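Below is one structure; the comments refer to it alone.
So you know, we letter chains A, B, ... as the sequences are listed, proteins then strands, and number each from 1. Predicted, not measured: the structure shown is a model, and the values here were computed from it.
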Amino acid sequence: MKVDLSTPFGRLRLKNPIGTASGTFGYGLEFAEYLDLAALGAISVKGLSRRPCHGNPPPRICETDAGMLNAIGLQNVGVDAFLADKLPELARLGTTVIANVWGDTEEDYVAVVERIGADRRVAAIEMNVSCPNVVKGGMIFGNNPDALAGLVKRVRAATAHPLIVKLSPNVTDIVASARAAVDSGADALSLINTLVGLAIDLETRTPKIGFTTGGLSGPAIRPVALRMVWEVRKALPKIPLFGMGGIETVEHVVEFLIAGANAVQIGTANFRDPSLAGRLVKELSVWCADHGVARVSDLVGTLKTRPRPDHFFS
Amino acid sequence: MKVDLSTPFGRLRLKNPIGTASGTFGYGLEFAEYLDLAALGAISVKGLSRRPCHGNPPPRICETDAGMLNAIGLQNVGVDAFLADKLPELARLGTTVIANVWGDTEEDYVAVVERIGADRRVAAIEMNVSCPNVVKGGMIFGNNPDALAGLVKRVRAATAHPLIVKLSPNVTDIVASARAAVDSGADALSLINTLVGLAIDLETRTPKIGFTTGGLSGPAIRPVALRMVWEVRKALPKIPLFGMGGIETVEHVVEFLIAGANAVQIGTANFRDPSLAGRLVKELSVWCADHGVARVSDLVGTLKTRPRPDHFFS
Amino acid sequence: MAVNESLRVLRTTHYDEQHYSLFLSAGSIGPATRPGHFAMIQAGEGLRPYLRRAFSIADVTTVAGVPALEFVVKVVGVGTAALARFAEGTPLPVLGPLGVPFPIDDLVPTDRVALVAGGIGLAPLVILARTLAARGIAADLFYGGRNENDILKRPEFERFLGSHRCRYATDDGSLGRRGLVTDLFTHALAGGARYRRAYACGPLPMFRALARLLADAELEGSFAMESEMACGFGVCLGCVVPMADGRFATICKEGPCVAPSRVDWTRL
Amino acid sequence: MAVNESLRVLRTTHYDEQHYSLFLSAGSIGPATRPGHFAMIQAGEGLRPYLRRAFSIADVTTVAGVPALEFVVKVVGVGTAALARFAEGTPLPVLGPLGVPFPIDDLVPTDRVALVAGGIGLAPLVILARTLAARGIAADLFYGGRNENDILKRPEFERFLGSHRCRYATDDGSLGRRGLVTDLFTHALAGGARYRRAYACGPLPMFRALARLLADAELEGSFAMESEMACGFGVCLGCVVPMADGRFATICKEGPCVAPSRVDWTRL
Ligand SMILES: Cc1cc2nc3c(=O)[nH]c(=O)nc-3n(C[C@H](O)[C@H](O)[C@H](O)COP(=O)(O)OP(=O)(O)OC[C@H]3O[C@@H](n4cnc5c(N)ncnc54)[C@H](O)[C@@H]3O)c2cc1C
Ligand SMILES: Cc1cc2nc3c(=O)[nH]c(=O)nc-3n(C[C@H](O)[C@H](O)[C@H](O)COP(=O)(O)OP(=O)(O)OC[C@H]3O[C@@H](n4cnc5c(N)ncnc54)[C@H](O)[C@@H]3O)c2cc1C
Ligand SMILES: Cc1cc2nc3c(=O)[nH]c(=O)nc-3n(C[C@H](O)[C@H](O)[C@H](O)COP(=O)(O)O)c2cc1C
Ligand SMILES: Cc1cc2nc3c(=O)[nH]c(=O)nc-3n(C[C@H](O)[C@H](O)[C@H](O)COP(=O)(O)O)c2cc1C
Ligand code: FES
Ligand code: FES
């Protein structure tokens with residue numbers, strides 16, 4: 001059975017729904033020896049800032065049960081070096097490139113997307129809004145719907161690229177964040193970013209992460225990610241969604257599609273196995289064939305839920 | 001070296017900081033064959049309601065990576081049956097009993113604590129506020145600081161028992177929840193309850209949990225729980241805290257104490273090993289002796305953090 | 001009175017890629033075990049599987065003279081796969097014996113009973129068959145599977161009960177009669193067989209059909225039921241099934257062996 | 001050019017409860033390995049450990065005629081404990097060879113170099129010693145540990161370098177001189193020894209002290225450094241150390257072998 005993996009994603013049409021997540025895939029080129037970059041649906045590169053960023057002092061990572069904490073501090077080569085040194089080769093290889101961007105201020109975000117300008121070698125822009133707003137006293141843009149709306153409006157006005165807003169899961173109401181982003185001009189959403197966590201070294205009584213807290217990623221967070229994708233899909237039936245959070249197998253990919261993601265991004269699992277994302281593309285068409293699914297997009301949002309009972313007392 | 005495990009906890013003084021978490025320890029008596037109930041710091045019994053509650057239709061649980069999802073639906077024998085059939089035996093065994101209570105309305109909560117009245121066999125009341133407020137259209141009490149404050153005030157007025165409010169972690173700002181509870185009369189806090197998650201059966205395309213979503217517990221959530229304990233301890237240096245979330249080993253216990261918990265509650269791990277909580281009491285004094293800690297309470301809140309750097313650009 | 005103890009792997013006997021018998025040292029669980037009891041086994045210290053898994057105690061026997069618990073396991077996922085791979089001597093945490101066993105103490109030697117097994121549901125019927133035989137109680141076995149490979153422990157059953165009392169059914173007809181085990185049972189009833197009680201273990205569809213058959217024939221039954229379990233001793237409330245009286249009952253504590261008449265099959 | 005492949009466990013040799021050599025089939029990593037390279041090994045499919053672990057390729061050798069990679073491992077946690085327990089034939093995912101190896105191509109037979117090992121830091125120096133010996137380059141080994149159990153692969157080192165060139169130090173004096181390996185090295189320098197370059201691997205305190213010694217003596221060094229690693233090939237940016245030029249450099253990609261003069265030891 002011939003399976004159609006092509007994935008309509010707003011103005012984009014991805015080769016397939018298997019993407020890779022920012023910060024877990026470098027600038028893509030580092031993976032060229034382990035998989036065929038052109039065979040992936042999309043890659044989201046390490047978060048780019050207007051100037052090169054040194055990131056946080058070590059220790060930056062530690063393993064936790066079924067996951068890891070990280071506080072890299074968004075170290076990156078900067079948008080200019082990316083455009084000059086990485087993008088040409090990515091384009092030559094036929095990679096669908098998503099530029100993940102961040103800043104400490106609204107101006108920083110705008111500056112990055114303006115540098116990218118109308119460059120067609122960048123398929124879309126993904127805003128990492130899990131950054132502290134240094135102007136507003138370090139409040140996380142993505143954890144406050146108003147701050148988020150303001151930021152997205154500014155960036156929306158500054159770019160004609162498809163604009164993907166990557167939501168922070170550290171919120172009471174993910175749907176409110178989603179609506180704020182979409183109402184402010186986001187073309188699509190990515191969810192989820194990492195959950196804020198802490199791990200402690202008992203002998204030194206210091207955090208295992210130099211920054212104190214870090215972002216929790218990996219299989220541990222998959223149920224939370226899947227729940228948020230489902231909630232947002234219910235509230236916004238048409239918005240293109242990238243789902244991510246602890247995806248490691250083709251079954252996990254299908255779980256996210258059924259919950260409502262149009263496509264997924266593989267994150268931490270790229271560290272465990274740099275060839276994984278490429279293999280998942282093949283395994284996905286096998287899974288679809290085995291299950292009589294002709295078009296992978298037919299899976300999206302097909303979760304059947306039961307009515308929720310009230311508490312029943314005797 | 002003789003180690004003092006006794007744990008001042010507001011008006012209470014616990015034998016030691018090892019407690020067990022509501023819903024994972026039944027009514028305590030079920031564990032009598034696996035450990036000495038009197039040797040535990042405290043046990044929090046299954047959430048009690050004014051009337052017996054049947055709970056949700058199955059399936060109610062499923063395993064996830066390093067944890068599980070549950071939507072039991074708060075099935076319980078009701079506060080009257082608990083007081084009549086369970087509490088006498090618990091008291092006879094010398095158990096420090098915490099009555100975990102819940103309701104669909106403020107009145108329900110008040111009704112439960114009024115039934116408990118001044119019963120001295122109950123050491124404290126723990127409010128589970130992760131319940132939908134059926135009057136306010138199912139909004140979770142614990143996810144809205146105002147609703148939480150209103151609820152806690154009502155219950156505070158209805159009981160003279162030490163009042164512990166158990167916070168929901170599914171919020172943007174756990175400190176705001178903590179302040180709302182404490183400012184409304186809570187004597188202490190328990191954190192965290194479960195994170196809302198989803199898991200899907202691919203063959204049926206239905207949620208693995210009949211209720212659709214379930215509460216995620218187990219090692220997977222430990223970093224999030226530890227972070228929230230630390231945040232609340234920083235903001236409220238004096239408030240007694242029960243820390244919980246994925247605790248399985250004595251090292252995990254010490255991690256929570258260092259983060260700022262005065263005591264901990266063992267939850268899902270009781271299912272893996274019903275003798276665990278009792279063993280942890282012994283292992284904790286060994287750990288303290290090995291590390292020259294004379295009083296376990298000296299560990300509380302001793303985390304040393306480094307100053308957080310700003311983003312450093314070149 | 002269940003025990004939480006560490007038992008060593010004595011032997012693992014593989015029937016095919018999907019089925020095996022796991023023998024653990026009997027510990028103090030062995031002597032306390034009655035037919036229908038189950039145990040919760042932790043398949044290693046890792047995080048996958050995370051929770052213990054429930055298995056019927058298929059028999060209390062010996063391995064090279066050492067008292068042993070036998071479990072007959074079908075590989076369906078991570079836990080049952082992991083349990084198949086432990087080296088001899090590996091200690092595994094085991095909680096048991098758990099649950100309400102099959103009611104057999106009220107049987108008398110003149111009684112005749114039926115044992116109905118579907119697939120891996122044979123497990124609790126092995127120790128039951130041996131116990132009944134020892135007490136001189138006649139039992140007919142009705143045992144069905146998808147194919148021949150699903151039919152396990154045939155020599156034991158035929159030794160305990162007599163081969164003339166053992167009837168098999170397979171979906172593909174590779175062993176015994178082609179069709180469902182419930183067809184076998186219906187046929188027997190039609191042939192005039194009468195039973196004091198029918199003991200059964202198998203998949204839900206078999207239980208449903210059998211519950212109806214027994215109700216119609218006004219026969220007593222005892223079903224060893226399954227459900228996903230986190231604790232196995234009545235505290236997580238995760239393993240419930242809807243009962244005829246409107247309650248949800250825990251399979252681990254009020255079961256696993258329950259009279260089908262008490263279950264609300266319409267809500268299950 | 002690293003390879004991501006599945007290699008089989010050929011043998012595990014235990015030195016004591018805490019130390020062992022793990023031999024894996026060499027795959028296509030073997031021929032590409034240079035002294036100082038490392039590999040990322042996944043210790044099983046479970047969730048604990050979750051990430052791969054980094055290990056120096058201690059040697060490329062053969063086990064019963066089969067080309068093999070040797071890793072010398074010290075048990076410090078869940079991953080190093082798990083790796084010790086795999087049965088012969090178990091396939092393990094391995095990524096390698098990774099990183100910048102020791103600079104040795106500029107050495108000439110008249111050169112004399114120093115190898116400084118602290119504890120488990122011996123690992124990358126085994127293959128280095130063998131390679132130098134094969135190229136006829138004289139090397140003195142300075143090897144320290146807490147006690148004699150920490151001193152591994154002594155026969156190999158003495159065979160490659162000549163026993164007269166191997167000096168040992170232990171904290172308890174159970175082998176060689178009582179004291180630190182850096183004392184040995186200082187002593188040698190005081191005795192007039194001169195080296196084209198010092199190759200070292202060991203714990204951070206040893207690196208700190210040695211970096212100072214080399215700077216004072218104006219000697220070149222190459223340190224095989226460690227850091228917690230998630231990926232091993234430069235994408236997670238988790239393994240960085242502060243450099244003298246103010247940057248954070250990834251140990252997995254710009255290292256593990258770096259000149260101590262490039263590292264900012266004050267911020268490390
Ligand atoms: C009282 C009792 C006695 C049992 N006796 C036996 C026995 O003797 N031999 C045997 O092979 N199996 C027996 N089972 C079933 C056994 O517990 C499950 O097959 C096992 O838990 C599956 O674990 P897993 O990790 O391999 O599968 P998972 O990876 O956890 O799940 C794989 C599939 O198995 C299903 N499943 C998971 N847990 C259970 C469960 N507790 N019951 C039924 N289906 C489940 C899941 O829904 C999923 O579809 C018994 C179950 C109970 C409750
Ligand atoms: C390039 C490189 C080469 C290495 N070569 C060897 C070798 O040849 N032999 C050997 O035994 N070890 C080597 N190590 C160290 C080895 O990677 C760690 O001991 C291992 O990752 C610990 O894993 P664990 O699960 O056993 O310990 P964990 O349970 O993960 O942690 C236990 C302790 O080890 C520390 N630790 C964890 N990861 C590392 C790490 N990557 N480096 C240093 N400390 C760590 C933790 O901080 C903790 O204190 C090397 C490390 C690197 C980066
Ligand atoms: C080491 C590391 C670095 C990350 N850096 C970024 C980043 O720069 N920008 C971003 O939007 N997300 C970043 N993330 C978040 C991931 O893209 C992803 O959203 C998250 O890890 C959840 O997916 P996973 O569980 O599959 O890893 C990072 C994650 C990790 C583990
Ligand atoms: C099966 C189950 C039932 C629970 N029931 C309750 C409850 O009735 N009341 C309550 O406050 N918390 C309940 N909890 C939450 C736990 O008390 C605990 O807060 C949570 O599981 C986190 O701890 P853990 O990871 O150690 O399990 C329940 C948890 C589980 C797994
Ligand atoms: S398995 Fe926990 S109550 Fe039955
Ligand atoms: S370990 Fe990932 S960058 Fe070095």
Side-chain angles (χ1 to χ4, degrees), chain A residues 49-57 64-67 69 73-74 78 104 134 143-144 170-173 195-200 202 204-207 210-214 216 219-224 226-227 230 246 251 254-255 258-259 291 302-306 308-314, chain B residues 49-57 64-67 69 73-74 78 104 134 143-144 170-173 195-200 202 204-207 210-214 216 219-224 226-227 230 246 251 254-255 258-259 291 302-306 308-314:
Chain A
S49 47
R50 69 195 300 181
R51 281 169 300 152
C53 178
H54 286 284
N56 292 331
T64 60
D65 285 338
L69 291 174
L74 294 161
D104 287 329
V134 295
N143 291 0
N144 176 309
N170 303 290
V171 296
T172 308
D173 183 356
L195 291 166
V196 181
L198 173 68
I200 298 174
L202 299 188
T204 60
R205 296 195 195 175
T206 58
F211 191 70
T212 301
T213 59
L216 180 64
I221 70 171
R222 194 187 318 120
V224 175
L226 206 58
R227 183 260 301 181
W230 172 71
E251 287 76 19
V254 175
E255 234 183 334
I258 291 173
H291 290 75
T302 55
L303 182 67
K304 304 188 216 96
T305 59
R306 313 174 185 75
R308 288 186 169 185
D310 291 339
H311 287 124
F312 168 43
F313 301 90
S314 57
Chain B
S49 47
R50 70 196 298 181
R51 281 169 300 154
C53 178
H54 286 283
N56 292 331
T64 59
D65 286 338
L69 290 174
L74 294 160
D104 287 330
V134 296
N143 291 0
N144 176 309
N170 303 289
V171 296
T172 308
D173 183 356
L195 291 167
V196 180
L198 172 68
I200 298 174
L202 299 189
T204 60
R205 295 194 196 175
T206 58
F211 191 69
T212 300
T213 58
L216 181 63
I221 70 171
R222 194 187 318 118
V224 175
L226 206 59
R227 183 261 301 182
W230 172 71
E251 288 76 19
V254 175
E255 243 190 318
I258 291 173
H291 290 75
T302 54
L303 182 67
K304 306 187 214 95
T305 58
R306 312 174 186 76
R308 287 185 169 187
D310 292 338
H311 288 123
F312 169 44
F313 301 90
S314 56

Name the region of [X], side chain, backbone, both or neither, that has any atom closer than 4.5 Å to a heavy atom of chain A.
X	result
B/Thr213	both
B/Asp104	side chain
B/Leu303	both
B/Thr204	backbone

From [atom1] ([X]) to [atom2] ([Y]), nearest 0.5 Å:
X	Y	atom1	atom2	result
B/Leu69	A/Arg227	CG	CZ	10.5 Å
B/Thr212	A/Arg308	OG1	CZ	5.0 Å
A/Asp173	B/Asn170	CG	CG	11.5 Å
A/Leu216	B/Arg222	CG	CZ	10.5 Å
B/Thr64	A/Ile221	OG1	CD1	12.5 Å

How close do [X] and [Y] get, counting heavy atoms only, and between which atoms?
X	Y	value
B/Phe313	A/His54	C-CD2, 4.0 Å
A/Thr172	B/Val171	OG1-CA, 3.1 Å
A/Leu198	B/Leu226	O-CD2, 3.4 Å

Largest heavy-atom contact set with chain B, pairs under 4.5 Å, which of A/Ala259, A/Ala220, A/Pro52:
A/Pro52

Counting heavy-atom pairs closer than 4.5 Å to chain B, which one of A/Asp310, A/Leu202, A/Val254, A/Thr305 comes out on top?
A/Leu202

In terms of heavy-atom pairs under 4.5 Å with chain A, the winner among B/Ile258, B/Val196, B/Val224 is B/Val196

Go through the structure and list residues passing side-chain hydrogen bond (donor to acceptor under 3.5 Å, both in side chains) with B/Arg205, not counting sequence neighbours.
A/Thr302

Please identify each residue that fulfils side-chain hydrogen bond (donor to acceptor under 3.5 Å, both in side chains) with B/Asn144, with sequence neighbours left out.
none

When you measure from the side chain of A/Thr206 to the backbone of B/Lys304, do you find a donor-acceptor pair of N or O atoms at a distance under 3.5 Å?
no

